[in-house]
2 protein chains.
Amino acid sequence: MATLKDVAQETGLGLGTVSRALSGHPRVRPETRQQVESAARKLGYQSNGLARALRQSHSNAVGLIIPDLENEFYTTAASVVQSALAAEGYRLVLCCSNNIPEVDATLLGSLVESRVDGIIHVPCTAEGSVRTRELNPDLPVVEYARQSGGYAVDAVIGDDDRGSAELVDHLVELGHRHIAMIAGPADLSTTKARVAGFRQACRRHRLLNRDCPVLYGPAYDVDWGAAATEEILRGRPDVTAIFASSSRSALGSLKALNERGVRVPEDMSVVGFLNPMWFDVSDPPLTTYELPLSDMGAMAARVLLERIRSPRAAGDANVVRFQGRLVVRSSTARARSQGTSSDPTGRSRAPAAREPVRDAASPPAKVRRAGATSAPTRKPASAALAPHE
Amino acid sequence: MATLKDVAQETGLGLGTVSRALSGHPRVRPETRQQVESAARKLGYQSNGLARALRQSHSNAVGLIIPDLENEFYTTAASVVQSALAAEGYRLVLCCSNNIPEVDATLLGSLVESRVDGIIHVPCTAEGSVRTRELNPDLPVVEYARQSGGYAVDAVIGDDDRGSAELVDHLVELGHRHIAMIAGPADLSTTKARVAGFRQACRRHRLLNRDCPVLYGPAYDVDWGAAATEEILRGRPDVTAIFASSSRSALGSLKALNERGVRVPEDMSVVGFLNPMWFDVSDPPLTTYELPLSDMGAMAARVLLERIRSPRAAGDANVVRFQGRLVVRSSTARARSQGTSSDPTGRSRAPAAREPVRDAASPPAKVRRAGATSAPTRKPASAALAPHE
DNA sequence: CTGGTCCGTGGGAACCTTTCCACGGCGAGA
DNA sequence: TCTCGCCGTGGAAAGGTTCCCACGGACCAG
């Protein structure tokens, strides 16, 4: 391929001039620029991004590491991050850890080696992104969806525990007092948060721990959702509601229930988590807690770009937490004949079924120092999570 | 960050030696290697991928351009391509054209500028990937899912027209003779193929063109699916079956029908295209044509890597076409009181409902010259599309 | 008329690696 | 004993860009 030197030779100009002409530098005569441009076109010159990145020591690329490429929770993030970055002239290098810690670590290494300008990371262990700090302390990193620990690293997360709590509130309101939670891998921070919210809400409603089992599983996927549901049907006849804490396990749960002929919501209420587009044509449409995924992805990109552009003040971590909202559909109904229920048919559905789903759940949030200072949290976050100055 | 030079200085060795030691070159004394490695660890040395790529003139990265990051059709591809590449030590640079030709072209340019080693491209115009040939004739490109034209470029595609045909066959078998097709943008090659298959099958069954309208739309998305369905309900009371030629428009169609109180399949049969995981818990579970997306993605990666590794023989395009299979569920039933129907209740469901969905549809396919020579096509493809030697 | 400034350009250094070549030493075969 | 070849190493070139500095000319003010 043609290089700058070739263009220089063709035009009889020096390399510096050609470079300036091509990169829009003001100090170059218009005619010269014309000449250079036509020569470049003629030779089919394509500037070498590698060489430029090497010289300028920034590559206009950022890495995104997600644990699962077939989960709309993350692909939505990837999508909007990609858009946000593209708008600012950055490329996205997408990696997938498959939730394997070793792969995660390798990917991190590979990304710093390839000299990306920043990384958005969904960590899959408690160590999280701290490894990048060892590799390159100056590399901006923001954690997404999951938070690794007490390290001072930027993060954009959903309010998982509040979501769990709202779903439990909803179920309790309908008279359920025996609720099973289908959780994911125990060591993920999202799992922890969702379980914590679940337990806390149960306590608040004076539900007994043994009435509200939590089933940890190998992954947030359809098979586990189905398997856990089987387990519940087999071993816990007292349970009247299932809280599947991810969209995929909810799908699996529904599948298993449908196959076993268990009617939803008459015999069993089911709630999901997050709100993929197919939740309202499933059979039945699912009650769930929706997180503003697009906003979250955009925010992650914004926080990262801000860090890339302005030098980072050490220890000054920026944690943004997004609220979601309860979306009530027809997969939840009054508990069947379980003590307090006054409706033996169990058929009275929640009143607010089929409410519109896709409106802007949280106010347009601003990054601290990017303008308005309001964090998107409605109530002040716990100390560990609030942006600390 | 520490560089090779720093390590050389630290150890008192020359750059060449340090480089060799670190890159596993055999000609270096084990003790020396030890020394270098410990010094590198001590300094936190991270090799600079940019410099290496520049020197070796290959970057171990490949680009993937898809038109829509929220469509499981493409994200599935992205996922498996990513895995396949990672296994061979390549990174994936993911770009999204949003189906905008200008963006597509820009992305192509940006990728060749960043010196990826190859590109997998879902073209969004008929020109397709030919632009890369101008930019860099040696850059391996494989087109995915859509085929741009008569250019000699590798491609991995699904057998869209056969899929359409099989769905039409299925509907006709059930007595439908007025079938509306919800198509996508008219200029996409997938749309063309699906419409062609539809028309052809209609002709074969002697259905009249005016009984089988094709609705072209702005995009393969939920809104268009819903809008088109409204249009059909309003303007075409004769239609008894809707062929939504993508998973998302099927979703929109179902949504619209449910909202209008039109029963599926009693009042209207619906078939989708492709087979996202939620198609069998939708209300009702959808009959569809499933394409082996994982195999297709893997094949695309394989074809590309093969091209990267072995010099391309000009004009020798390798086109692989994947068969899918009909998946019959309960969204299709005998046509309502439409002439031939012998079942006035319209309730006799297709016999094969709930058949297993996720088995290996097509035999493990081999790339030409990568071992076995059998193409994954069951019957010989048309001349224009067969791998030509 | 001269000194200073700005403009446009050329040349070289720097970015960091890999790779090639050369060189000294040493063991083995002639 | 001499030579050949191999081994381990050092040095330098190359890869393609950007950035800094210097330089000549023109222009302006004193």
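Numbered from 1 within each chain, the chains take letters A, B, ... in sequence-line order.
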Can you tell me if the side-chain N/O atoms of A:Gln56 get under 4.0 Å from OP1 or OP2 in D:dT17?
no

Are side-chain heavy atoms of B:Val153 and B:Arg133 found at a separation under 4.5 Å?
yes

Scan A:Ser23 against the nucleic acid and name what it touches under 4.0 Å (heavy atoms): base, sugar-phosphate only, or nothing.
nothing

Sequence neighbours left out, cut at 3.5 Å: what donor-acceptor pairs do the side chains of residues 107-119 of chain A make with other protein atoms?
from, atom 1, to, atom 2, distance (Å)
A:Glu113, OE2, B:Ser47, OG, 3.3
A:Glu113, OE2, B:Arg52, NH1, 3.0
A:Ser114, OG, A:Ser110, O, 3.4
A:Ser114, OG, A:Leu111, O, 3.1
A:Arg115, NH1, A:Val112, O, 3.0
A:Arg115, NH1, B:Ser47, O, 3.4
A:Arg115, NH2, B:Gln46, O, 3.3
A:Asp117, OD1, A:Ser59, N, 2.9
A:Asp117, OD1, A:Ser59, OG, 3.4
A:Asp117, OD2, A:Ser59, N, 3.3
A:Asp117, OD2, A:Asn60, N, 2.7

Quick one: is A:Ser57 getting a side-chain N or O under 4.0 Å of the C:dC15 phosphate, OP1 or OP2?
no

Whole-Å distance separating the CG atom of B:Leu15 from the P atom of D:dG8:
20 Å

Does B:Thr17 or A:Val18 map to a spot on DNA chain C nearer the 5' end, using the closest nucleotide for each?
A:Val18

Drop me the distance from A:Ser19's OG to A:Leu13's CG, to the nearest 0.5 angstrom.
12.0 Å

Rounded distance (Å) that lies between atom P of C:dC15 and atom CZ of A:Arg115
13 Å

Measuring from B:Leu69:CG to A:Leu94:CG, what's the distance to the nearest 0.5 Å?
8.0 Å

Heavy-atom check, side chain of A:Glu88 versus side chain of A:Arg309, under 4.5 Å:
yes

Using whole Å, what does the distance between atom P of nucleotide D:dA14 and atom CG of A:Asn48 come to?
17 Å

Rounded distance (Å) that lies between atom P of D:dC19 and atom CG of A:Leu4:
12 Å

Under-4.0 Å side-chain N/O to phosphate OP1/OP2 contact, A:Ser19 with D:dT17
no

Would A:Gln35 and A:Thr11 count as having a side-chain donor-acceptor pair, cut-off 3.5 Å?
no

For B:Leu22 and D:dT9, give me the distance from atom CG to atom P, rounded to whole Å.
14 Å

Could you please name the option among C:dT9, D:dG16, C:dC16 that lies closest to any side-chain atom of A:Thr3?
D:dG16

Rounded to whole angstroms, how far apart are CD on A:Gln9 and C1' on C:dG11?
15 Å

Side-chain contact test, heavy atoms from C-beta onward, threshold under 4.5 Å: evaluate it for B:Tyr144 versus B:Val81 and give yes or no.
no

Quick check on DNA chain D: between B:Pro26 and A:Tyr45, whose nearest nucleotide comes earlier from the 5' end?
B:Pro26

Rounded to whole Å, how long is the line connecting atom NE2 of A:His58 with atom P of C:dC15?
15 Å

Whole-Å distance between C:dT17 C1' and B:Met1 CE?
14 Å

Mind running a 4.0 Å heavy-atom check of residues 28-37 of chain B against DNA chain D and sending the residues that fall below it, in number order?
B:Val28, B:Arg29, B:Thr32

Minimum-distance nucleotide (side-chain atoms of B:Arg27 versus D:dT9, C:dG10, C:dT17):
D:dT9

Of all the nucleotides listed (D:dG16, C:dT17, C:dC20), which has the minimum atom distance to the side chain of B:Leu54?
D:dG16

